[in-house]
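Working notes, beginning with the structure itself.
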Amino acid sequence: EQLAELTNEKYASMWSSVIYGSSVGSNDIVAVAVAQIGNVGGQPYWSWYGFSSRVEWCACFVSWCANECGYIEAGIIPKFAVILVGEDPASKIYVRNKNKACVEIGIEYEEHVLKQDTTMEELLRLIDKLNKDKSINGILLQSPLPQHLDINEALKQIDYKKDVDGFNPVNVGKLSLGQDCFVSCTPYGIIRMLEEYKIPTEGKNAVIIGRSNIVGKPLIQCLLSKNATVTVCHSKTQNIEEITKNSDIIIAAMGKPKFLKGNMVKQGATVIDVGINRMENGKIVGDVDFEEVSKKTSYITPVPGGVGPM
């Protein structure tokens, strides 16, 4: 609370004058460490610069760091940019929900709506502009794109440091190597659900049904990082039932309505349904036959609901 009160442009200016009196380097890092220790030769280090307390000195330093990062104040408000190309109805709903979520948690939101006939050159030009805009912290390209646009090329052009969807090849590689990076939202939401309900993953058999770039593939790495034993099933997998019946955790993400039946699940399993399918009667169902499977599971996610809001 003291730091919040003291950190302002006044102290940023004071600290800037101190720093820019010499080159910014290892000596300044030492100064920070010494300030935490307190005294040099019996005299508080912060008093050398005319500050009245260690808190005041630290507040000044925090503010200076914030300014160096391009922020006027130490309290950083992230800004999120979404690109929507075309008239896909579902995409419009997703984008609207993203806007609502940003408003609720205090993230600034910027929406770029492009026409259906937008060229690849125009899309890449916008991405480049957002990459260079220091006020933008995150960029999301809503999929699907119109067929004449190359989504892989577009995702590759998004700065990986702003690629909040985790689809840039750099972030995909970092995830595979277990390095800090943005993770695709659906796999990350699934992991958060498992953590929230304290569902054990270490040493457990986890089956992913589906191998998409959006869910299946990144989810492999997420579950491996939780020390699960991971199996991936897909359209060419034979005897899927024999695999799923031995699984502690099943994630269904293949886009087939009510594919997972009760006889494919063992008693007490955890089932997470990623699918969302609209039936001819207008009803929304998942990839799991909820009525059958829920009778055998310890945990199961509903559709609608469940993974979607995550």
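- Within a 6.0 Å radius of CD in Gln238, no more than 12 heavy atoms belonging to other residues, nucleotides or ligands are found.
- Residues Val232 and Ile250 do not share a hydrophobic cluster, clusters being chains of Ile/Leu/Val/Met/Phe/Trp/Tyr side chains in contact below 4.5 Å.
- Rounding to the nearest 0.5 Å gives a distance of 10.0 Å between CD of Gln221 and SG of Cys181.
- Of the residues listed (Val274, Val207, Val288), the one engaging Ile251 in a side-chain contact (heavy atoms from CB on, under 4.5 Å) is Val274, and it is the only one.
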Checking Lys129 against Asp133 for the salt bridge (charged side-chain N to carboxylate O under 4.0 Å, His left out) test, could you report, in this order, the C-alpha distance in whole Å, the side-chain angles of both residues, the deciding distance, and whether it holds? CA-CA 6 Å; Lys129 176 184 175 182; Asp133 187 340; over 6 Å; no

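- In terms of heavy atoms, Tyr160 sits closest to Phe182 at O-CD1, 3.7 Å.
- For the pair Ser212 (side chain) and Val215 (backbone), a donor-acceptor distance under 3.5 Å is present.
- Using modelled atom types, one side-chain atom of Ser298 and one backbone atom of Gly268 make a donor-acceptor pair closer than 3.5 Å.
- Using a 4.5 Å cut-off on side-chain heavy atoms (C-beta onward), Lys245 and Val265 make no contact.
- Within the model, atoms CG of Leu219 and CG of Leu223 stand 4.5 Å from one another, a figure rounded to the nearest 0.5 Å.
- Heavy-atom minimum distance, Met279 versus Pro257: SD-CB, 3.8 Å.
- Every pair passing side-chain hydrogen bond (donor to acceptor under 3.5 Å, both in side chains) that includes a residue from residues 78-88 is listed here, sequence neighbours excluded: Lys79-Glu110, Glu87-Lys92, Asp88-Ser91.
- The closest donor-acceptor contact from the side chain of Glu122 to the backbone of Thr119 lies under 3.5 Å.
- The closest donor-acceptor contact from the side chain of His148 to the backbone of Thr118 lies under 3.5 Å.
- Follow the hydrophobic side-chain contacts under 4.5 Å out from Val183 and you never reach Ile249; the two are in separate clusters.
- Pairs passing the salt bridge (charged side-chain N to carboxylate O under 4.0 Å, His left out) check and including a residue from residues 220-229, sequence neighbours excluded, read Glu195-Lys226.
- Expressed to the nearest 0.5 Å, how far CD of Gln157 lies from CG of Asn152 amounts to 11.5 Å.
- Tyr188 and Val164 fall into different hydrophobic clusters, where Ile, Leu, Val, Met, Phe, Trp and Tyr residues are linked whenever their side-chain heavy atoms come under 4.5 Å apart, directly or through other members.
- Atom OG of Ser247 and atom CD of Glu242 lie 11.0 Å apart (nearest 0.5 Å).
- Side-chain atoms of Asp273 never come within 3.5 Å of backbone atoms of Pro302 as a donor-acceptor pair (strictly under, hydrogens ignored).
- Every residue was checked against the side chain to side chain donor-acceptor pair (under 3.5 Å) condition with Lys174, not counting sequence neighbours, and none meets it.
- A heavy-atom distance below 4.5 Å is not found between the side chains of Thr270 and Ile300.
- Ile139 is not listed as a side-chain neighbour of Leu141, based on a closest heavy-atom distance of 4.5 Å or more.
- Among residue pairs with one or both ends in residues 281-299, those qualifying as salt bridge (charged side-chain N to carboxylate O under 4.0 Å, His left out) are Lys261-Asp289; sequence neighbours excluded.
- Counting heavy atoms from C-beta on, the side chains of Leu124 and Met120 come closer than 4.5 Å.
- Using a 4.5 Å heavy-atom threshold, the side chains of Ile199 and Thr201 count as separate.
- Contact check for Val85 versus Val113: no side-chain heavy atoms found under the 4.5 Å cut-off.
- Here the closest heavy-atom approach between residue His112 and residue Ala81 is recorded as CD2-CB, 4.4 Å.
- The closest donor-acceptor contact from the side chain of Asp248 to the backbone of Lys204 lies at 3.5 Å or more, if one exists at all.
- At least one donor-acceptor pair closer than 3.5 Å links the side chain of Thr244 to the backbone N or O of Met264.
- Distance OH/Tyr94 to CD/Gln142: 8.0 Å, rounded to 0.5 Å.
- In this structure, Thr301 and Val271 have side chains that are not in contact, with every pair of non-hydrogen atoms separated by 4.5 Å or more.
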Please lay out, stage by stage, how Val303 and Val285 fare under the test side chain to side chain contact (heavy atoms under 4.5 Å, CB included). CA-CA 6 Å; Val303 175; Val285 300; 5.7 Å; no

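- In this structure, CG on Leu155 lies 7.5 Å from CD1 on Ile127, to the nearest 0.5 angstrom.
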Evaluate the criterion side chain to side chain contact (heavy atoms under 4.5 Å, CB included) for residue pair Val95 and Tyr109; output intermediate values, then yes/no. CA-CA 11 Å; Val95 168; Tyr109 179 85; 3.1 Å; yes

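- The side chain to side chain contact (heavy atoms under 4.5 Å, CB included) test applied to Asp165 returns Leu140, Asp163, Phe167, Cys185, not counting sequence neighbours.
- Within 6.0 Å of NZ on Lys115 lie no more than 12 heavy atoms contributed by other residues, nucleotides or ligands.
- Shown here are the side chain to side chain contact (heavy atoms under 4.5 Å, CB included) partners of Asp159, two or more places apart in sequence or in another chain: Asn131, Lys161, Lys162.
- Side-chain contact between Thr229 and Thr231 is absent, with no heavy atoms from C-beta onward closer than 4.5 Å.
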Side chain to side chain contact (heavy atoms under 4.5 Å, CB included) for Ile214 and Ser184? Distances and angles first, verdict last. CA-CA 7 Å; Ile214 296 174; Ser184 302; 5.6 Å; no

Apply side chain to side chain contact (heavy atoms under 4.5 Å, CB included) to the pair Leu114 and Ile83, showing each step before the final yes or no. CA-CA 8 Å; Leu114 304 180; Ile83 303 172; 4.1 Å; yes

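- Connection of Phe80 to Ile136 is not established within any shared hydrophobic cluster, with ILVMFWY side chains joined at heavy-atom distances below 4.5 Å, either directly or through further cluster members.
- Heavy-atom minimum distance, Gly262 versus Val293: N-CG2, 3.8 Å.
- One hydrophobic cluster, built from ILVMFWY side chains closer than 4.5 Å, cannot hold both Ile276 and Leu260; they sit in different ones.
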